[in-house]
Amino acid sequence: MRTIDGQMFKMMVISASNNLYNHYPEVDALNVFPVPDGDTGMNMNLTLTSGAKEVQNRSENDIYSIAKTFSRGLLMGARGNSGVITSQIFRGFAEALEGKKEINAVELAEAFVNGSKIAYKAVIRPVEGTILTVIRESSENLKKKIKAYSSIEDAFKILLNEANASLERTPNLLPVLKEVGVVDSGGAGLVKILEGMESMVHGDFIERNEATVVDASGSAQVKADEEESEFGYCTEFILRLGPKESKKAFNKNRFTSVLNAHGNSLVVVQDEDLVKVHVHTLTPGNIFNYAQQFGEFVKLKCENMTEQHNEILFSENAKDMAASKLKEAPLAAPKERKEYALIATSSGSGIDELFKEVGVEYIVSGGQTMNPSTNDFIDAIKKCNAKVCYIFPNNGNIILAASQARDVLEGEYDVKVIPTKTIMQGVVCAMNFNPDLSVEDNEAALNDAIHTVKSGAVTFSIKDTEINGVAVRKDEYMAIRESKDIISSFVDKFDALRDLIKNLVDEDSALVTILCGEDILEEDVEKLTKEFSSEYEDYEFDIRKGNQPVYSFIVGVE
């Protein structure tokens, strides 16, 4: 094969997505730290799935169009640092293809090199020995060795050989990998992506299989496809553009691109000042609100295809439903934007309530066990409808996705991502927000507030290991300072909590907050309150149910 066109590239990335899905539990298992939330493989899997969905029904032959659509799907579905970096790799890849209908081996190499450069730029402090290293070394090696007469098969052989070699070298660049005896999980996920692409180049399309995962107890179980068929809403409308005095200028290409990011089966037809749209989407309200920026509706309708599907399957009156007519509904006028809104990531009903107590308006579900996507933050920002949104990611693996949402909405919304890495950092920052301060002063104050709280957590180990001189046995409870510093390990979770408190408090401490997980009983909360209040008379303790999964205790010391 000498060139790749759009349809071949589409099959390559879908094959890559399927291959990653089939192997993501293996990638998850490479997590360095023995906590039960190693989700690099899952994050990359969901990111690739989002991109593959965007292109699966596209019929264009030019590769730039398909690559751009795939990139957009990755961006919107990106989860965790690994997912965001993957989306940036293919963003750079797509940018290098602008204006091209097909590419040869040399152009393929140039595209991957550009993908590497864009990915590095997306990370403030790039770390070697990670997915960044694997894409950089493999793409640069490909560009160095490829010839004008080389085939696409030859190019992928060179690329994949070096990617595997680079992956094997990651422990030499990142000491913690060598200490634990694993290669980088993000790099391993990238190799699975490249394997899936190469397989399709050779004519062997990889189908998606059921993935075998290992649960917290170590036993294997079969995980069914988590992405069930999404029917959503069949949305149609006719929009009359203008008037220019009150509506935005209409650009069909831009309009089509945005709608395509929020649905599929898209058709956009323009006839002078009228635009007719058909799209299948899970969020019709977002589509309507976006379209109304450019004009007013002449007609609109919205059918719930999921309900129709269920009626067809289960209703005795399915035939009557098919004959029913749809009513046209007026669209509510968009609400005036409020001045500001606080958005926080949370995982637990008790933590949700705590955030609401300190002024957070919108909760993005997720955290340690399931990182929210870029699109989750975009939805949150739009629903808040505020002039300025402050986001508290509360997890180091979520900051990039929140930042990417900010970048996507630049010019439309003013979004400030406060780089909180723990729940308690987010709580303290929300408490320090002052609506009387300017946007700039609030942002500075919130960034300073991050450093006024010391955080910790207690969770169980999923494997035997030794990190930074601390021996950890499977199923023991670890006392973890901040987000990655394991200080001790105990058979009893309460002993781990006691040791964590002892390590976090000092003479400058005043308040200790303990959020108890879903595995902690109310009577245990009462016992802990009495114990710590008696032992640490100079400190105030706020011990409450957070109901978070995975982590028995989340601790903050101010």
Side-chain angles (χ1 to χ4, degrees), residues 9 12-13 16-17 20 27 39-52 54-55 63-64 66-98 108-140 142-143 159 163 166-167 170 184-194 196-197 257 261 371-378 393 396-410 415 417 419:
F9 184 72
M12 288 166 60
V13 296
S17 175
L20 180 59
V27 178
D39 49 8
T40 298
M42 176 59 82
N43 283 338
M44 295 182 72
N45 162 45
L46 293 177
T47 300
L48 261 289
T49 297
S50 177
E54 289 299 313
V55 300
I63 190 169
Y64 174 60
I66 297 296
K68 185 178 179 181
T69 301
F70 179 63
S71 170
R72 177 72 179 185
L74 294 179
L75 183 147
M76 299 300 285
R79 298 173 186 266
N81 292 343
S82 55
V84 173
I85 291 172
T86 301
S87 75
Q88 292 299 308
I89 290 172
F90 283 97
R91 174 192 163 199
F93 184 96
E95 287 179 356
L97 305 184
E98 185 170 3
L108 177 73
E110 293 171 346
F112 273 117
V113 168
N114 196 59
S116 171
K117 291 178 179 178
I118 295 299
Y120 267 87
K121 289 179 181 178
V123 182
I124 296 176
R125 288 181 290 275
V127 176
E128 297 300 336
T130 64
I131 182 176
L132 290 171
T133 305
V134 176
I135 186 59
R136 176 178 56 79
E137 292 184 342
S138 58
S139 61
E140 288 180 350
L142 174 60
K143 185 176 180 181
L159 181 70
S166 179
L167 179 64
T170 55
D184 177 65
S185 55
L190 178 62
V191 167
K192 294 302 176 186
I193 293 171
L194 297 178
M197 296 178 77
S257 178
N371 297 156
S373 69
T374 297
N375 200 47
D376 290 332
F377 285 108
I378 290 175
N397 205 35
I398 298 176
I399 293 174
L400 276 180
S403 300
Q404 191 156 263
R406 174 200 62 203
D407 295 342
V408 170
L409 296 176
E410 185 177 6
V415 180
V417 178

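- Residues satisfying the side-chain contact (heavy atoms from CB on, under 4.5 Å) test with T374, not counting sequence neighbours, are L75, A78, I378, A401, Q404, A405.
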Could you go through residues 110-117 and list every donor-acceptor pair under 3.5 Å that involves a side-chain atom there, pairing it with any protein atom two or more places apart or in another chain?
| residue | atom | partner | partner atom | Å |
| --- | --- | --- | --- | --- |
| N114 | ND2 | G92 | O | 2.7 |

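- Here the shortest heavy-atom pairing between S82 and T86 reads O-OG1, 2.8 Å.
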Could you give me the CA-CA distance, side-chain angles and deciding distance for I135 and F93, then say whether side chain to side chain contact (heavy atoms under 4.5 Å, CB included) is met? CA-CA 11 Å; I135 186 59; F93 184 96; over 6 Å; no
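- With sequence neighbours left out, F377 forms a ring-ring contact (aromatic ring centres under 6.0 Å, His included) with no residue at all.
- Among residues two or more places apart in sequence or in another chain, the side-chain hydrogen bond (donor to acceptor under 3.5 Å, both in side chains) test is passed with T133 by E128.
- Remark: S50 engages no residue in a side-chain contact (heavy atoms from CB on, under 4.5 Å) (not counting sequence neighbours).
- Residues that satisfy the side-chain hydrogen bond (donor to acceptor under 3.5 Å, both in side chains) test with E137, not counting sequence neighbours, are S166, R169.
- D184 has its side chain out of reach of V134: every pair of non-hydrogen atoms, C-beta onward, lies at least 4.5 Å apart.
- Residue M197 comes nearest to A16 through the heavy atom pair CG-CB, 3.7 Å, listed as atom of the first residue, atom of the second, then distance.
- Annotation: ring pair (Phe, Tyr, Trp, His ring centres under 6.0 Å) contacts involving residues 115-139, sequence neighbours excluded, are absent.
- Under the rule for a side-chain contact (heavy atoms from CB on, under 4.5 Å), the partners of A119 that lie at least two apart in sequence or sit in another chain are I85, Q88, I89, L132.
- Annotation: side-chain hydrogen bond (donor to acceptor under 3.5 Å, both in side chains) contacts of S185 (sequence neighbours excluded): T40.
- Remark: N397 pairs with D39, N43, N81, N371, N395 by the side-chain contact (heavy atoms from CB on, under 4.5 Å) rule, at least two apart or across chains.
- In this view, R406 satisfies the side-chain hydrogen bond (donor to acceptor under 3.5 Å, both in side chains) rule with no residue, not counting sequence neighbours.
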